[in-house]
Amino acid sequence: MEQLDIYDYTGQVTGRTIARKEERNLRDGEYFLIVHVCLFDSHGRLLIQQRNKSNKRDPLNGRWDVTVAGHVHSGETSQAAAEREAWEEMGIRLDLQGQPPLMRLRFVPGFDDIYIVHKDLDINALRLQASEVDAARWVTRAEALEMVRNRTFLPYIESFIASLFDMRKTNGFMRDDD
């Protein structure tokens with residue numbers, strides 16, 4: 001059974017763990033950690049995945065998401081979890097050691113470390129995890145935003161998806177033209 005570390009409001013591990021199936025039963029001020037990897041190619045396109053349609057316990061099954069996402073297991077670093085999820089879900093080998101996440105966002109009840117990766121891949125060479133992923137494809141900024149609007153993408157706010165495309169070049173929120 002997957003165990004998750006519990007974090008406090010500052011993002012520090014508390015020493016407590018919880019079974020993944022109990023993630024929605026955290027006390028006030030307790031959080032768990034997930035990761036997202038957003039892989040962009042040299043044409044500025046984002047690799048996205050379609051979540052498994054047959055996963056009945058997931059209300060968002062069949063929708064599209066960024067390249068990979070998943071929970072950080074107890075004792076695991078954010079980078080190690082991102083590498084593991086990329087390999088498990090898509091068959092993509094990554095080395096994120098020493099690379100901090102682009103950003104850490106908070107949601108109820110957790111934190112989300114977002115990684116930006118630049119890599120050209122042959123989409124036909126991907127090894128999709130059938131229990132989690134139905135399909136993968138490259139999308140432009142305009143295509144991703146249209147998918148958010150027509151609700152075929154996970155219910156992210158448009159500005160979040162737009163910011164991923166904006167920040168992919170600088171790996172941050174400051175323009176590099178000054």
Side-chain angles (χ1 to χ4, degrees), residues 2 4 7 9 11 20 23-24 26 30-73 78-79 81-92 94 96 99-119 121 123 126 128-129 131-175:
E2 288 179 27
L4 307 177
Y7 296 77
Y9 75 96
R20 180 176 170 187
E23 70 187 38
R24 298 291 177 201
L26 294 174
E30 292 184 331
Y31 305 89
F32 62 91
L33 181 61
I34 65 171
V35 293
H36 279 87
V37 176
C38 304
L39 193 146
F40 288 90
D41 71 3
S42 59
H43 303 288
R45 299 176 303 175
L46 174 64
L47 181 63
I48 62 173
Q49 65 158 277
Q50 186 179 32
R51 294 163 64 122
N52 184 292
K53 294 181 194 118
S54 62
N55 186 348
K56 300 301 182 203
R57 69 176 203 264
D58 184 352
L60 300 173
N61 62 352
R63 292 208 194 174
W64 291 85
D65 196 359
V66 298
T67 312
V68 295
H71 289 77
V72 176
H73 297 163
S78 167
Q79 290 89 351
E83 292 170 353
R84 175 181 48 77
E85 290 292 344
W87 177 248
E88 287 176 0
E89 292 184 6
M90 306 282 273
I92 301 170
L94 297 178
L96 298 174
Q99 178 179 331
L102 170 67
M103 64 182 120
R104 175 172 277 185
L105 301 174
R106 193 179 65 73
F107 66 96
V108 177
F111 293 105
D112 186 351
D113 282 353
I114 312 288
Y115 291 88
I116 298 286
V117 174
H118 300 274
K119 191 173 185 121
L121 296 172
I123 202 161
L126 296 176
L128 305 181
Q129 183 181 20
S131 63
E132 301 250 351
V133 182
D134 281 348
R137 64 182 271 214
W138 293 104
V139 292
T140 64
R141 176 190 179 112
E143 290 167 329
L145 293 174
E146 181 57 30
M147 293 172 81
V148 170
R149 285 184 211 108
N150 71 25
R151 299 181 184 271
T152 57
F153 216 85
L154 289 188
Y156 297 119
I157 57 175
E158 281 186 50
S159 60
F160 170 69
I161 297 300
S163 72
L164 295 174
F165 281 87
D166 291 343
M167 291 188 282
R168 79 182 192 284
K169 293 179 186 174
T170 61
N171 209 13
F173 60 88
M174 299 290 285
R175 290 190 325 260

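For this chain, numbers begin at 1 and follow the sequence in order.
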**Request:** Start with the C-alpha distance between Leu154 and Arg51, add both sets of side-chain angles, then the distance that settles side-chain contact (heavy atoms from CB on, under 4.5 Å), and finish with yes or no.
**Result:** CA-CA 9 Å; Leu154 289 188; Arg51 294 163 64 122; 3.3 Å; yes
Checking His118 side chain against Arg168 main chain: does a donor-acceptor pair fall under 3.5 Å?
-> yes
Sequence neighbours excluded, the answer for salt bridge (Lys or Arg N to Asp or Glu O under 4.0 Å) partners of Arg84 is Glu76, Glu88
The salt bridge (Lys or Arg N to Asp or Glu O under 4.0 Å) partners of Arg151 (sequence neighbours excluded) come to none
Less than 4.5 Å apart, any side-chain heavy atom of Ile92 and any of Leu47? yes
Margin query: Pair Val139, Glu146 - check side-chain contact (heavy atoms from CB on, under 4.5 Å), show working.
Written below: CA-CA 10 Å; Val139 292; Glu146 181 57 30; over 6 Å; no
Output for pair (Glu132 CD, Asn61 CG), nearest 0.5 Å, gives 12.0 Å
Closest non-hydrogen atoms of Leu164 and Phe40, given as atom of the first, atom of the second and distance, are O-CZ, 3.7 Å
In this structure, CE of Met147 is separated from CD of Glu143 (nearest 0.5 Å) by 8.5 Å
Separation between CD (Glu85) and CD1 (Ile34), nearest 0.5 Å, reads 10.0 Å
Shortest non-hydrogen pair, Leu96 vs Glu83, comes out as N-OE2, 2.6 Å
Ile116 backbone acceptor or donor facing Gln99 side chain under 3.5 Å: yes
### Message
Under the criterion side-chain contact (heavy atoms from CB on, under 4.5 Å), I'd like the reasoning laid out for Met90 against Val37: C-alpha separation, chi angles, the key distance, then a yes or no.
### Response
CA-CA 11 Å; Met90 306 282 273; Val37 176; over 6 Å; no
The single option from Arg63, Gln129, Glu89 that satisfies side-chain hydrogen bond (donor to acceptor under 3.5 Å, both in side chains) with Gln49 is Glu89
In terms of heavy-atom contacts, Val72 and Ser78 come closest through CG2-CA, 4.2 Å
NE2 (His71) and CZ (Arg20) are apart, to the nearest 0.5 Å, by 4.0 Å
Any sub-3.5 Å donor-acceptor pair from Thr67's side-chain atoms to Leu39's backbone N or O? yes
Minimal heavy-atom distance between Leu145 and Ala162, with the atoms involved, is CD2-N, 4.0 Å
So CH2 of Trp64 and CZ of Arg137: to nearest 0.5 Å the spacing works out to 5.5 Å
Contacts of Arg45 meeting side chain to side chain donor-acceptor pair (under 3.5 Å) (sequence neighbours excluded), chain-then-number -> Asp41
Rounded to the nearest 0.5 Å, the CD1 atom of Ile114 sits from the CG atom of Leu105 at a distance of 5.0 Å
Parallel, tilted or perpendicular: which describes the rings of Phe107 and Phe32, with under 30° parallel and over 60° perpendicular?
perpendicular
Closest non-hydrogen contact found for Tyr156 with Val148 is O-CG1, 3.3 Å
Got Leu60 and Pro155 here, is their nearest side-chain heavy-atom distance under 4.5 Å? yes
Nearest heavy-atom approach of Leu128 to Ala135 is CD1-CA, 3.8 Å
Tyr7 meets the ring-ring contact (aromatic ring centres under 6.0 Å, His included) criterion, sequence neighbours left out, with none
- Item | side-chain contact (heavy atoms from CB on, under 4.5 Å) evaluation trace for Tyr115 with Val66 | CA-CA 11 Å; Tyr115 291 88; Val66 298; over 6 Å; no
Applying side chain to side chain donor-acceptor pair (under 3.5 Å) to Arg141 and not counting sequence neighbours gives Asp166
Does atom CZ of Phe160 have more than 12 heavy-atom neighbours, drawn from other residues, nucleotides or ligands, at distances under 6.0 Å? yes
For Asn52, the side chain to side chain contact (heavy atoms under 4.5 Å, CB included) test, sequence neighbours excluded, returns Ser54, Asn55, Asp134
